[in-house]
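Written out below as structure tokens is the structure these notes cover.
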Amino acid sequence: MTFTTKDFTRRMERALSHAAEAGLTGVLVTPGPDLVYFTGYQPTAITERITMLVLDADHDPHLIVPVLERPDAAAAPGAAAVTITDWADGSDPYAATSRLLDPHGRYALSDSAWAMHLLGLQEALPDSRYTSMTATLPMLRAVKDADEVQRLASAGAAADAAYEQILTVRFAGRTETEVGNDLARLLREHGHSQVDFTVVGSGPNGANPHHEMGDRVIEFGDTVVLDFGGLKDGYGSDTTRTVHVGPPTAEELEVYEVVRRAQQAGFEAVQPGVACEEIDRAARAVIEDAGYGEYFIHRTGHGIGLTTHEPPYMVAGERRPLVPGMCFSIEPGIYLPGRFGVRIEDIVTVTENAGRRLNNTSHEMRIVA
Ligand code: ZN
Ligand code: ZN
Ligand code: ZN
């Protein structure tokens, strides 16, 4: 499955309509996930030489590249959807780029654009204005097309397969890092080209959501948070399950059950038109009602796509509505400092009338050895 010129063109048209709604002249895109989204082009190295896609209502899309990178750009999947313009060393790249811009224009610019490029454009066009792309067009990449959802589903299925296999490895007596390395290997075996994180939070380490993995030896009786993901076929996976080494205590089971119900409540709240913050509220209410509110110390979820963390965020204050095609995590947790933590995370996509999980492994607490 490959994205076509039509897909890239549709994305650029959507960007321009979002930009017009936001009162902007156009959109300026530099290398990174934004440029991959619009053109499929990923320069082998991001350097001081400016590469920029210029989108505005008055011109065809122009991709400005250093002349030495023109052949690579021309071979990109979306090359047919843009006009490629090059500039050579020794010439002024900002003069060349600014000829395509409105001297009084207001542009959204990729967040990851180098400051030197922005400063160069500002000097060339002192009356132009620039704003952050995520600040002004946050929902642009958030709504996925069918092919993107399919890739995210495939990445989710691969992560699920890795999880089923990690349940069969030995936990007790091995370090978190050893188990984490097993997880990373399994993700790669199931088609991931890149592993972004493999959290193994055993015992008290599970109570720190920022803990990745370390030298702690996992013991019989530990609760272990496993949170892992990366990129498969260009799209992200991110799932969390909490397992137990040997039989859990009544308290561990109780906390687990609260998180399981919170995740389910967040999932059941998913529906087009519902505000993102309502997903957070639905999950959080279950945890608060059970008396653990102060131990749920992060937002409920984040978007996922070409990167593993991106808008939309399921967080109080995010009032934008869910739209079919959005894909994001629902990952409530309870963290008891110095003791243990529990988190359950699935990626979910918004359908025409509900949510659909892209992770489908059991939510029952699984016992490992
Ligand atoms: Zn995660
Ligand atoms: Zn996540
Ligand atoms: Zn995260």
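The shown structure was predicted, so the numbers you read here are calculated from the model rather than taken from an experiment. Both ligands and their constituent atoms are indexed starting at 1 by order of listing. As a basis for the values below, the full set of heavy atoms in this structure was taken, side chains included, without hydrogen atoms, waters or symmetry mates.
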Q. Is it true that the NZ or CZ of Arg151 lies under 6.0 Å from the centre of Phe3's six-membered ring and within 45 degrees of the ring axis?
A.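 The answer is yes, since Arg151 meets both limits relative to Phe3.
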
Q: State whether His309 contributes an N/O/S atom found under 2.8 Å from the Zn ion (ligand 2).
A: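 No - counting backbone and side chain alike, His309 has no N, O or S atom under 2.8 Å.
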
Q. Would you call the rings of His117 and Trp114 parallel, tilted or perpendicular, where under 30° means parallel and over 60° means perpendicular?
A. parallel

Q: Give the name of the N/O/S atom in Glu345 that lies closest to the Zn ion (ligand 2).
A: OE2

Q: Return the name of the atom in Glu331, of element N, O or S, nearest to the Zn ion (ligand 2).
A: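 Relative to the Zn ion (ligand 2), the closest nitrogen, oxygen or sulfur of Glu331 carries the name OE2.
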
Q | Vertex the Zn ion (ligand 1), rays to OD1 in Asp227 and OD1 in Asp238 - rounded to 10° | A |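 Rounding to the nearest 10 degrees gives 90°.
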
Q | Sidechain N-carboxylate O distance under 4.0 Å for Glu278, Arg281 | A |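 Yes, this pair counts.
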
Q.
Aromatic contact between His244 and Tyr256, with the criterion being ring centroids under 6.0 Å apart: yes or no?
A.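 Centroid separation for His244 and Tyr256: 6.0 Å or greater.
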
